[in-house]
K.L.:
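Dropping the structure in here first, questions after.
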Amino acid sequence: MDELLKIKEEALLKIDTCQDLKTLNDLRVFYLGKKGPMQAAMKSMKDMDQAQRVEFGKVSNQVKQELTMAIDEKKNILEEEVLNQRLRSEKIDITLPGTTIPEGSIHPLNRIKEELEELFIGMGYSIAEGPEVETDHFNFELMNLPQGHPARDMQDTFYINENLLMRTHTSPVQAHVMLEAQGKGPIKVICPGKTYRRDDDDTTHSHQFMQCEGLVVDKNITLADLKGTLELFAKKMFGEKREIRFRPSYFPFTEPSVEVDISCHNCEGKGCPMCKYTGWIEILGAGMVNPHVLEMCGFDPEVYQGFAFGIGLERVAMLKYGIDNIRHFYSDDLRFLNQFTRKE
Ligand code: FA5
């Protein structure tokens, strides 16, 4: 009997100080199993008389019950601890700042291009495209710039061979569109795209730049239509208060030709460094399509008139966003590009 109580005390102490479920299970197997000290103590029952045996049996059952209860209780405690530990280790800290996925930004020139497209599509224009590698015939001849014409010097050209060149402006798309229309108006297109010139790169000039051509051919088209169109463009692009003015100019493919200024949006026309204290900023070239160009491109100038304009996109973007160097557009500098995220 003493032996039984000793085993119980020893077992209860071990169960109490046990730290993990595996050890607890080993204790259960050891103390309550067939090969444990309890079982060994039971063997002495055969030497007892009937009364002692009954008493011994009663006490040994009690000890077993107590140990079973102690083990179950400890098991619950240890299982809860394991669970808590797991919960702690698997806890997700939702207060941590998230990892942001780097987001691309739209290039400012594409942004201006998209804005222009939206504006002109809203006025019933469609978008035309032409090749960047162009023939001399389309880039110059059909634009009323025959071989040897002094105005060819206005546009220094990258020649691929005698007849092929990188287009110096988007105006040859005018010829493609008119020839496709086979003398039947109306035509109402814009053509944004890349252009190339052998200009020396500086803060306002690049050997590759972008233009957006506009062409309208119809009956009864006048300079007033051109002015109204460009006025709307200026207001939408630079603000409702903008005004425009025409200055006489010369392009072989338009007659008359004009250079178009907008009132400076920086100083409201009062005069500032941006507009060189004139209150006006030049933004594009335009004019009435030269009757000879209409004729060469299959339109009867007695029936049809047209206007055309050519906008330098870098120029517009520089003015609109206050960019002081054209090289920024082509430098791939993320510090510059990231200022034009979609969020802004
Ligand atoms: C022309 O290219 C004419 N084709 C525009 C035109 C179209 C006139 C239709 C009449 C009717 P100009 O050479 O001026 O014109 O160029 C137009 C614009 O392109 C300029 O105002 C300027 O903003 C831009 N540009 C010209 N050269 C460069 C360059 N090297 N770098 C950046 N922008 C340039």
Side-chain angles (χ1 to χ4, degrees), residues 108-109 112-113 116 120 125 128 130 132 134 138-140 142-145 149-158 165-178 187 189-217 221 223 225-227 229-230 233-234 237 244 246-262 280-294 297 305-320 323-330:
L109 287 178
I112 294 288
K113 180 175 158 248
L116 271 175
F120 280 98
Y125 285 67
E132 287 174 32
E134 191 51 281
F138 273 91
N139 196 77
F140 289 128
L142 289 178
M143 289 295 106
N144 209 19
L145 281 145
H149 192 292
R152 281 199 181 203
D153 288 349
M154 290 159 78
Q155 301 181 2
D156 247 338
T157 311
F158 288 115
L165 47 85
M166 302 304 291
R167 68 177 176 196
T168 55
H169 52 174
T170 42
S171 296
V173 185
Q174 287 187 32
H176 285 291
V177 173
M178 280 192 269
I187 291 174
V189 292
I190 57 160
C191 164
K194 293 194 189 100
T195 44
Y196 305 82
R197 280 186 206 177
R198 266 180 29 174
D199 284 342
D200 288 330
D201 288 5
D202 60 25
T203 50
T204 52
H205 292 86
S206 169
H207 56 280
Q208 183 226 297
F209 56 102
M210 284 185 83
Q211 286 190 341
C212 180
E213 195 78 9
L215 173 71
V216 171
V217 178
I221 295 290
L223 207 59
D225 297 312
L226 173 64
K227 191 163 186 195
T229 305
L230 294 178
F233 151 73
M237 197 52 94
I244 62 167
F246 282 180
R247 273 182 298 108
S249 185
Y250 173 74
F251 296 104
F253 32 90
T254 46
E255 181 59 38
S257 300
V258 290
E259 229 139 21
V260 182
D261 299 340
I262 56 164
W280 297 93
I281 296 172
E282 184 206 315
I283 48 160
L284 58 94
M288 299 304 290
V289 180
N290 191 312
H292 188 219
V293 172
L294 283 175
C297 295
Q305 302 80 43
F307 68 70
F309 54 87
I311 307 168
L313 292 198
E314 285 82 358
R315 185 93 215 235
V316 173
M318 285 169 88
L319 288 171
K320 186 160 173 155
I323 297 163
D324 58 4
N325 195 329
I326 197 169
R327 293 182 182 99
H328 286 309
F329 295 118
Y330 299 105

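As the structure lists them, so they are numbered: ligands from 1, and atoms in each ligand from 1.
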K.L.:
Looking only at protein heavy atoms, which one is nearest to atom 33 (N) of ligand 1, and how far off is it?
P.N.:
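In this structure, atom 33 (N) of ligand 1 has Phe209 CD1, 3.4 Å as its nearest protein heavy atom.
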K.L.:
Tell me if a side-chain donor or acceptor on Asn144 pairs with a main-chain N or O of Val293 at a distance below 3.5 Å.
P.N.:
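Between the backbone of Val293 and the side chain of Asn144 there is no qualifying donor-acceptor contact (under 3.5 Å).
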K.L.:
Under 4.0 Å from any heavy atom of Asp199, which atoms of ligand 1 are there?
P.N.:
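Atoms satisfying the 4.0 Å criterion: 27 (N), 29 (C), 30 (N).
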K.L.:
What atoms in ligand 1 come closer than 4.0 Å to a heavy atom of Arg315?
P.N.:
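Within the 4.0 Å cut-off of Arg315, ligand 1 contributes 23 (O).
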K.L.:
Fit a plane to each ring of Tyr250 and His149, take the angle between them on a 0 to 90° scale, and name the class: parallel (under 30°), tilted (30 to 60°) or perpendicular (over 60°).
P.N.:
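Ring orientation, 0 to 90° scale: parallel.
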K.L.:
Taking N or O atoms only and a 3.5 Å limit, does Ser206 qualify as a polar contact for ligand 1?
P.N.:
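Yes - when backbone and side-chain N and O of Ser206 are compared with those of ligand 1, one distance drops under 3.5 Å.
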K.L.:
Out of Met210, His207, Gln211, whose heavy atom sits nearest atom 18 (C) of ligand 1?
P.N.:
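Considering heavy atoms of Met210, His207, Gln211, the nearest to atom 18 (C) of ligand 1 sits in Gln211.
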K.L.:
State whether Asp201 and Arg327 are salt-bridged, where the test is any N-O pair (Lys NZ or Arg NE/NH1/NH2 against Asp/Glu carboxylate O) under 4.0 Å.
P.N.:
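No, Asp201 and Arg327 are not salt-bridged.
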K.L.:
Could you tell me whether Ser171 and ligand 1 have an N or O pair separated by under 3.5 Å?
P.N.:
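Ser171 vs ligand 1: N/O contact under 3.5 Å present.
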K.L.:
Would you say the ring centers of Phe246 and Phe307 fall short of 6.0 Å from each other?
P.N.:
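No: the rings miss the under 6.0 Å criterion.
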K.L.:
Going by the angle between their ring planes, with limits at 30° and 60°, are His207 and Phe158 parallel, tilted or perpendicular?
P.N.:
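The rings of His207 and Phe158 stand perpendicular, inter-plane angle above 60°.
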K.L.:
Quick one: closest heavy-atom pair of Glu314 and Phe329, and the distance?
P.N.:
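Scanning both residues completely, I find the closest heavy atoms to be CG-CD1, 3.7 Å.
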K.L.:
Which residue and non-hydrogen atom of the protein lie closest to atom 2 (O) of ligand 1, and at what distance in Å?
P.N.:
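The closest one turns out to be Arg197 NH2, 2.8 Å.
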K.L.:
Between Glu213 and ligand 1, find which residue part has any heavy-atom pair under 4.0 Å and reply side chain, backbone, both or neither.
P.N.:
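Just the side chain.
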K.L.:
Would you mind telling me which of Ile190, Val189, Thr170 makes a side chain to side chain contact (heavy atoms under 4.5 Å, CB included) with Leu215?
P.N.:
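Between Leu215 and the candidates, side chain to side chain contact (heavy atoms under 4.5 Å, CB included) is satisfied uniquely by Val189.
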K.L.:
Can you find an N or O of Thr168 that's nearer than 3.5 Å to an N or O of ligand 1?
P.N.:
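Looking only at distances, the answer is no, because the N/O contact criterion of under 3.5 Å is not met.
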K.L.:
Kindly confirm or rule out an N or O of His205 lying under 3.5 angstrom from an N or O of ligand 1.
P.N.:
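Not met; the criterion fails.
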K.L.:
Is at least one protein non-hydrogen atom found at under 4.0 angstrom from atom 20 (C) of ligand 1?
P.N.:
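Within 4.0 Å: no protein heavy atom nearby.
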K.L.:
Starting from atom 3 (C) of ligand 1, what is the nearest protein heavy atom, named by residue and atom, and what distance separates them?
P.N.:
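Of every protein heavy atom, Phe253 CZ, 3.7 Å lies nearest to atom 3 (C) of ligand 1.
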K.L.:
Kindly state whether the ring of His169 and the ring of Phe251 have centres lying under 6.0 angstrom apart.
P.N.:
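No.
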K.L.:
Taking the side chain as C-beta and beyond, is there a heavy-atom pair between Met166 and Thr157 under 4.5 Å?
P.N.:
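Answer no - side chains too far apart.
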K.L.:
Do me a favour and list the nearest non-hydrogen protein atom to atom 5 (C) of ligand 1 with residue, atom name and distance?
P.N.:
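So the nearest neighbour among protein heavy atoms is Gly310 CA, 3.8 Å.
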K.L.:
So, taking the atom named CD in Gln174 and the one named OG1 in Thr254, what distance separates them when rounded to the nearest 0.5 Å?
P.N.:
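If we round to the nearest 0.5 Å, Gln174:CD and Thr254:OG1 are 8.5 Å apart.
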K.L.:
Using a 4.0 Å heavy-atom threshold (strictly under), name the region of Thr204 that reaches ligand 1: side chain, backbone, both or neither.
P.N.:
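Only the backbone of Thr204 comes within reach of ligand 1.
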K.L.:
With a heavy-atom distance limit of 4.0 Å, tell me whether Phe309 approaches ligand 1 through its side chain, its backbone, both, or neither.
P.N.:
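Only the backbone of Phe309 comes within reach of ligand 1.
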